[in-house]
Protein chains: 2
Amino acid sequence: MIEHKVAQESCKNCHLNEVCIPESMNDHEVAQLETLVKLRIKLKKKDFLFLAGDDFKAIYAIKSGSIKTSITNQAGMEQINGFFIQGEIIGLDGFATDKHVLNAIALEDTHICVIKKDELESMSEKFIPLKNQIQRIMSKEIVRDNNMMLLLGNMNAEQKIATFIQNISNRLNKRHNNHLAITLRMTREEMGSYLGLTNETVSRVLKKLSDINLISIDAKELLILDEDGLKQVIHQDCNP
Amino acid sequence: MIEHKVAQESCKNCHLNEVCIPESMNDHEVAQLETLVKLRIKLKKKDFLFLAGDDFKAIYAIKSGSIKTSITNQAGMEQINGFFIQGEIIGLDGFATDKHVLNAIALEDTHICVIKKDELESMSEKFIPLKNQIQRIMSKEIVRDNNMMLLLGNMNAEQKIATFIQNISNRLNKRHNNHLAITLRMTREEMGSYLGLTNETVSRVLKKLSDINLISIDAKELLILDEDGLKQVIHQDCNP
DNA sequence: CGGATGCTTGAGGTCTATCAAAGCGAGTGG
DNA sequence: CCACTCGCTTTGATAGACCTCAAGCATCCG
């Protein structure tokens with residue numbers, strides 16, 4: 001990991017403060033949070049933030065850019081299990097055993113706010129809203145994971161890809177970005193790994209969705225042309 | 001939900017205290033925990049503990065019996081996403097939004113220790129080890145979910161079933177039960193839902209594993225005959 | 001410019017879902 | 001206590017979705 005200290009900035013003024021940790025904190029509480037984020041890191045594409053087995057030292061908020069996380073099981077299989085963008089928090093997998101189980105790697109140049117575990121712990125003893133917030137983020141993560149399992153277990157390739165697109169769109173929307181224009185930072189292969197598909201299938205399905213005018217796709221640039229149409233793809237075969 | 005108050009019992013003397021919440025607490029801390037568990041519930045088979053949409057009022061430790069949890073997405077698809085046995089904690093999905101996202105239903109007659117949210121929160125402000133413990137449990141849950149995604153996305157039917165068996169065996173082992181003799185409390189259909197397979201496939205694969213003498217199976221009674229063989233099935237196709 | 005990496009497209013094969021029917025077992029009611 | 005039913009399980013035949021393998025093309029980067 002390549003670390004660069006960057007000028008201290010304010011959580012209060014960060015345009016992400018609605019989606020990052022401060023979510024439901026008042027000004028006073030955010031002020032306390034600030035004392036936690038003493039370090040910010042710049043990552044270049046392919047730099048890792050942490051790897052499986054690394055000591056759990058901090059949790060991380062993405063200030064800009066994007067990160068993929070992956071897991072390897074005992075059998076040596078690797079799967080990407082998350083793509084994270086601006087305002088999202090990663091590193092929570094480390095709480096269980098004090099070691100990370102996931103790898104976290106930058107998909108592009110990325111800025112990270114570091115919240116060190118030690119300070120997090122001493123702080124959150126005095127400062128309950130923070131601990132509650134962390135708990136809520138973890139619980140959200142559990143809900144997200146459960147939905148992912150549903151996807152992997154029960155959907156066909158078209159449904160998976162349509163759901164994936166919709167999900168990214170929703171998350172962009174939450175951050176007040178244009179939610180119809182998506183730049184795919186990951187490769188087809190990485191999308192496939194995430195969705196339990198091969199890169200060829202990803203490529204074919206994207207083509208098909210484009211052929212029926214639900215999206216347009218040019219390399220990494222994806223436009224959603226028909227939100228309702230995408231929903232219908234996701235809901236196919238339901239309530240027959 | 002059918003509630004029965006049962007005689008107050010001691011967490012300290014509970015034979016589960018090594019795997020339930022008290023895991024890493026000292027005697028004094030366990031004593032504090034006890035004041036939290038004021039209610040215990042008996043569920044009969046098919047009774048639900050909570051349903052998706054229910055207010056999040058408590059988290060639950062399974063004292064005996066077993067529980068399945070399931071999730072339904074907007075598209076109306078339902079999937080079982082967890083089987084929980086003695087000593088395990090459920091209900092953590094409620095922290096995010098203060099509503100449960102999962103359904104929790106008893107697979108057999110089951111005893112539950114109830115830890116009410118209100119008391120949990122007021123208690124854990126004064127009582128840090130508890131909050132840390134909850135955090136650790138949630139993080140474990142995240143790790144578990146990630147492994148499940150790996151399974152659903154990348155494994156074939158044989159690998160899924162072998163992994164499932166191994167996983168249950170490990171959990172029984174942790175509780176000092178005979179880890180080679182497993183009583184499957186769920187139906188083939190429920191196993192299938194959990195693993196992303198149909199009941200027919202589950203049935204066929206169990207038969208196959210039995211035919212090659214890795215297990216023996218008679219209705220719900222499963223015996224592991226060859227632990228190493230099971231591992232080999234899981235690791236098939238790796239490092240070719 | 002050349003090599004590496006990623007993307008697309010095609011042909012063929014395999015795994016697992018689907019559909020169907022019969023066997024089994026637990027629980028119910030006569 | 002037995003007969004019956006309903007739900008679960010097993011087994012077979014078939015079909016289709018997706019993977020695998022392969023080749024050609026585009027893009028990126030030193």
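The chains referred to below are lettered A, B, ... by the order of the sequence lines, with proteins before strands, and numbering in each begins at 1.
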Going by distance alone, is a donor N or O of one side chain under 3.5 Å from an acceptor N or O of the other, for A/S64 and A/Q86?
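Side chains of A/S64 and A/Q86: no pair found under 3.5 Å.
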
List the atom pairs, with distances to 0.1 Å, where a side-chain N or O of residues 207-218 of chain B and a protein N or O form a donor-acceptor pair under 3.5 Å, not counting sequence neighbours.
{"unit_1": "B/K208", "atom_1": "NZ", "unit_2": "B/E158", "atom_2": "OE2", "d": "2.6"}

Separation of B/D211 atom CG from D/dT10 atom C1', in whole Å?
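Result: 13 Å.
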
Test applied, side chain to side chain donor-acceptor pair (under 3.5 Å); reference residue, A/T69; option that passes from A/N81, A/N103, A/D93:
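The option that passes is A/N81.
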
Starting at atom CG of B/L184, determine the distance to atom P of D/dT10, rounded to an integer number of angstrom.
10 Å

Could you state the CD-C1' distance from B/E221 to C/dG25, rounded to the nearest angstrom?
14 Å

How long is the line joining NZ of A/K207 and C1' of D/dC18, in whole Å?
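Rounding to the nearest Å, NZ of A/K207 and C1' of D/dC18 are 17 Å apart.
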
State which residues pass side chain to side chain contact (heavy atoms under 4.5 Å, CB included) with A/Q166; sequence neighbours excluded, sorted by chain then number.
A/N170, A/K231, A/I234

Find the distance B/E200:CD to C/dC19:C1' and express it as a whole number of Å.
9 Å

Could you go through B/E88 and B/R175, starting from their C-alpha distance and side-chain angles, then the distance that decides it, and tell me whether this counts as salt bridge (Lys or Arg N to Asp or Glu O under 4.0 Å)?
CA-CA 10 Å; B/E88 299 182 326; B/R175 278 146 198 83; 3.6 Å; yes

Quick check on the helix from C/dC1-D/dG30 to C/dG30-D/dC1: what's the angle between its two end axes, five base pairs per end, to the nearest 10°?
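Rounded to the nearest 10 degrees, the bend comes out at 40°.
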
Do the ring planes of B/F56 and B/H100 sit parallel (below 30°), tilted (30 to 60°) or perpendicular (above 60°)?
perpendicular

Determine whether B/D55 and B/K99 satisfy the following criterion, salt bridge (Lys or Arg N to Asp or Glu O under 4.0 Å), listing intermediate values before the conclusion.
CA-CA 4 Å; B/D55 288 338; B/K99 303 254 183 205; 2.8 Å; yes

When rounded to whole Å, the CE to P distance for the pair A/M191 and C/dT8 reads 10 Å

Atom pairs under 3.5 Å, N or O on each side, protein against nucleotides 23-26 of chain D: can you list them with distances?
none

Which whole-number value in Å describes the distance from A/I161 CD1 to D/dC18 P?
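Answer to the nearest Å: 10 Å.
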
Mind checking whether B/Y194 and B/F83 have parallel, tilted or perpendicular rings, split at 30° and 60°?
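The rings of B/Y194 and B/F83 stand perpendicular, inter-plane angle above 60°.
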
Could you go step by step and tell me if B/E108 and B/R185 meet the salt bridge (Lys or Arg N to Asp or Glu O under 4.0 Å) rule?
CA-CA 7 Å; B/E108 60 187 314; B/R185 301 292 178 181; 3.2 Å; yes

What does the list of N/O pairs under 3.5 Å between the protein and nucleotides 14-17 of chain C look like, with a distance for each?
{"unit_1": "C/dT16", "atom_1": "OP1", "unit_2": "B/A157", "atom_2": "N", "d": "2.7"}
{"unit_1": "C/dA17", "atom_1": "OP1", "unit_2": "B/G196", "atom_2": "O", "d": "3.4"}
{"unit_1": "C/dA17", "atom_1": "OP2", "unit_2": "B/T198", "atom_2": "N", "d": "3.4"}
{"unit_1": "C/dA17", "atom_1": "OP2", "unit_2": "B/T198", "atom_2": "OG1", "d": "3.1"}
{"unit_1": "C/dA17", "atom_1": "OP2", "unit_2": "B/T201", "atom_2": "OG1", "d": "2.4"}

Can you confirm whether more than 12 heavy atoms, excluding those of B/K57, are under 6.0 Å from its NZ atom?
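For B/K57, atom NZ is not crowded (no more than 12 foreign heavy atoms under 6.0 Å).
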
Taking only N/O atoms, report every protein-nucleotides 5-9 of chain D pair under 3.5 Å with atom names and distance.
{"unit_1": "D/dT9", "atom_1": "OP1", "unit_2": "B/R188", "atom_2": "N", "d": "3.3"}
{"unit_1": "D/dT9", "atom_1": "OP1", "unit_2": "B/K220", "atom_2": "NZ", "d": "3.2"}
{"unit_1": "D/dT9", "atom_1": "OP2", "unit_2": "B/R188", "atom_2": "N", "d": "2.9"}

When you compare the side chains of B/N199 and B/E190, does any donor N or O come within less than 3.5 Å of an acceptor on the partner?
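Note: B/N199 and B/E190 side chains miss the donor-acceptor criterion.
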
Hey, are A/T183 and A/E221 close enough side-chain-wise for a donor-acceptor pair under 3.5 Å?
yes

Is there a donor-acceptor contact under 3.5 Å linking the side chains of A/S193 and A/Q79?
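Their side chains do not contain a donor-acceptor pair, so the 3.5 Å distance test is not met.
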
Rounding to a whole Å, what distance do you find between B/I217:CD1 and D/dT11:P?
12 Å

